Structure formats: structure tokens, C-alpha cells
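See structure below.
In this text the structure is predicted, and so the values were computed from the model without any measurement. Chain A is the first sequence line, chain B the second, and so forth, proteins listed ahead of strands; every chain is numbered from 1.
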Amino acid sequence: MFSASYLCRNFKLTDMKDLLRLKTSLSEEIEQILNEQVKVEAHSSAIYLAMSSWCDDQGYDFSAAYFAKQADEERTHMLKLFHYINDRGGKAISPEITNVPKDFESFRGVFELALEQEMHVTAQFNNIADKCFKAKDFVTFQFIQWFLAEQIEEEYVARRILEMFDVIGEEGTGRWEIDKHVPKVSYSAE
Amino acid sequence: MPCGLASLEEIFRTTHGVVFQCSNKNCYWLDFGGDCTPFKVNDFIQLKKQVEQIDIDAMLLDPRPGAEIAIIMPFRSHRCFVLQVEDVINLRELLRGAKFMMELPGLIKDCLKISPALYA
């Protein structure tokens, strides 16, 4: 090793090679919030999988399939973010997932929780869009638009399913009827 | 020594250390605690994050022996940082300053590109 006194001090700011930008196009702040979102999506995926298992256990086959599909979708979203971070020169972090519930209060409660989860995800993406805009990272801002548009559908479907509990009612064969209608709920922007 | 001396440029200095950039090997050198160590860009950023994550309050308040010491062993480096609270504060100051100075040339270039007349 050698001491600092050997090292030159010809520091010319704008002539210097910009090693940071050669390595990554993402700022530390944007990379961090995107990695946090990777974790949120992974957590969502895990929660939906737990919901799927609970519904299966309770005999709600269609809802179990619906939540399993949602879990897959959330994982796809996570990977989309994950690859974007790496593609832009950042370092995507495979998240640690904790606090995944195993049991749920009721059939209705599962869908209420699903809607709350989607609203939370929307709020997170809004926050990311805001930070991208402030940081003038319009490339990431543009990338995030797809997720924001996706959230319209996610929230719509979750809310519509929840409304079925009031429209159909839970008495008698109500829950069986609701479960049967869950896969039929879809969103059309037109 | 992986870098020729002539290729090193000082980025930031405090009374406790210096950070240099080697534009030949695209790496940074951290001179701190009597040793000078090279880091690739990612590894340097990772080191900064690790130092930022050290909980100084816990180091000060935890009565257990050894709690006042933080140890960082960066990957792909021979260096092992054994830090007391004062070292953590000094290293943080050095790394924060260096990170700012690393970003500054890019910011200045952006300004010059967007509005060259304003900075003429």
C-alpha cells in the first residue's frame, strides 16, 4: 500500500471521467425506491398466495384460483421492476419477505384486505412517480406509467368483487354464488 | 498496486482520509485508517450504504462488550473495517463528501448541456 502523499491532486471537475454514470443511469434515491417497490410487489405476491391457500382450505375454489393468478401477476410485476433496475445499471435486490398472514377472519375480509393491498400499491407507485418527476428521471417516470395504468384495473376488480358481497348477500348459498362469480369480474377501459 | 499513480485524481479529502478516482481502472481508492484500498464503483457505493446503516445509537447505548465496535468486511476486498463510533462518523463524512463529489461533474455537465449560455 502507499500513503496519500504519493497521490496526485490534479482535480479537474468537468474533465474527470464520470465513473458513476458509466456504471448506472439511476440515482441512488430512485434505485432505492424501486428496490423498495420490488419488495412491496413480492410481499403482495406472498399475501395473495396465502389468500389462495386459505380460500382453497375453506372450499372457495374459484377465489383460490383467482388469488393464485393474482400472486403470479404480482410476481411478474416484481420481476419487471427487478429487471428494469438491472437494465439501467442499478443493483436489484432479491427481497426478504416476512409477515405473511396464514389465516384470515372471513371470506369478505380476504377481499377487503386485497383491496387495501392494491390501494397501498397504488399509493406507492404514485410516490415513485412523484420522486421521479422531482429528480427529473423521466425515463423511470415513463416506465412507471404502465404500473399506474395497471393499478386502475387491479383496484376496479377488487372493489367490484367486494361489492358482490352486498349485491348478492352472504346468507344461504350467497358465498357459494359470490365465489362462482369472482373469475367473471373483469375490467374494460372502453 | 493495480493503478498507476499518475491516473489517480483526488475526489474528496477530510482530516481523516481521502478518496481518489482511478480513471484507468475505473475504480475508487479509499485512504482511511492508515490503509489505502481500491473499490469498484458498485462496491464503493455498497460500502457507503453499509456505513450509513450502522446504528450509532445502539453502539453507544448497548452495554454488552463489543457493542461499541462495528465491523465491515466488504466483498472483493482485502480490507476489514473495525470501527468505533468516532471512526463511523469520520468515515461517513468522508464517504458522503466523496459521493457528492462523484455526482457533481455529471450535474455540472448536465447544466452546461441544457443551458450553456447561462454558464458561459
Which other residues end up in the same hydrophobic cluster as B/Leu107, if Ile, Leu, Val, Met, Phe, Trp and Tyr are linked when side-chain heavy atoms come under 4.5 Å apart? none
List, by chain and number, the other hydrophobic cluster members for A/Phe133, where Ile, Leu, Val, Met, Phe, Trp and Tyr join if side-chain heavy atoms come within less than 4.5 Å, directly or indirectly. A/Phe138, A/Phe141
Please output the residues of residues 89-96 of chain B in contact with chain A, using a heavy-atom cutoff of under 4.5 Å, in numerical order.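 Counting heavy atoms that sit under 4.5 Å from chain A, no residue of residues 89-96 of chain B is involved.
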B/Lys49 versus chain A, the contacting section by heavy-atom distance below 4.5 Å: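 When you check distances to chain A, only side chain atoms of B/Lys49 fall under 4.5 Å.
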Might you confirm whether atom CZ of A/Arg75 has over 12 heavy atoms from other residues, nucleotides or ligands at distances under 6.0 Å? no
Does atom NZ of A/Lys136 have more than 12 heavy-atom neighbours, drawn from other residues, nucleotides or ligands, at distances under 6.0 Å?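 Check fails, neighbour count at 12 or below.
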Sidechain N-carboxylate O distance under 4.0 Å for B/Lys99, A/Glu28: yes
Shortest non-hydrogen pair, A/Lys17 vs B/Gln21, comes out as O-NE2, 2.6 Å
Can you tell if the side chain of B/Tyr28 reaches within under 4.5 Å of the side chain of A/Leu20, non-hydrogen atoms only? yes
Could you check if a side-chain atom of A/Leu19 sits within less than 4.5 angstrom of a side-chain atom of B/Met102, using non-hydrogen atoms only? no
Show me the donor-acceptor pairs within less than 3.5 Å that the side chains of residues 53-67 of chain B make with the rest of the protein, sequence neighbours left out.
from    : atom 1 : to      : atom 2 : distance (Å)
B/Asp55 : OD1    : B/Asp57 : N      : 3.2
B/Asp55 : OD1    : B/Ala58 : N      : 3.1
B/Asp62 : OD1    : B/Arg64 : N      : 3.0
B/Asp62 : OD1    : B/Arg64 : NE     : 3.1
B/Asp62 : OD2    : B/Arg64 : NE     : 3.2
B/Asp62 : OD2    : B/Arg64 : NH2    : 2.6

Using the rule that two of Ile, Leu, Val, Met, Phe, Trp, Tyr join whenever any of their side-chain heavy atoms come within less than 4.5 Å, decide whether [X] and [Y] are in one cluster.
X	Y	value
A/Phe165	A/Leu113	yes
A/Leu79	A/Ile144	yes
B/Phe39	B/Met73	no
A/Ile161	A/Phe104	yes

Candidate list B/Asn42, B/Ile45, B/Asn26, test side chain to side chain contact (heavy atoms under 4.5 Å, CB included), partner A/Lys23, passing option: B/Asn42
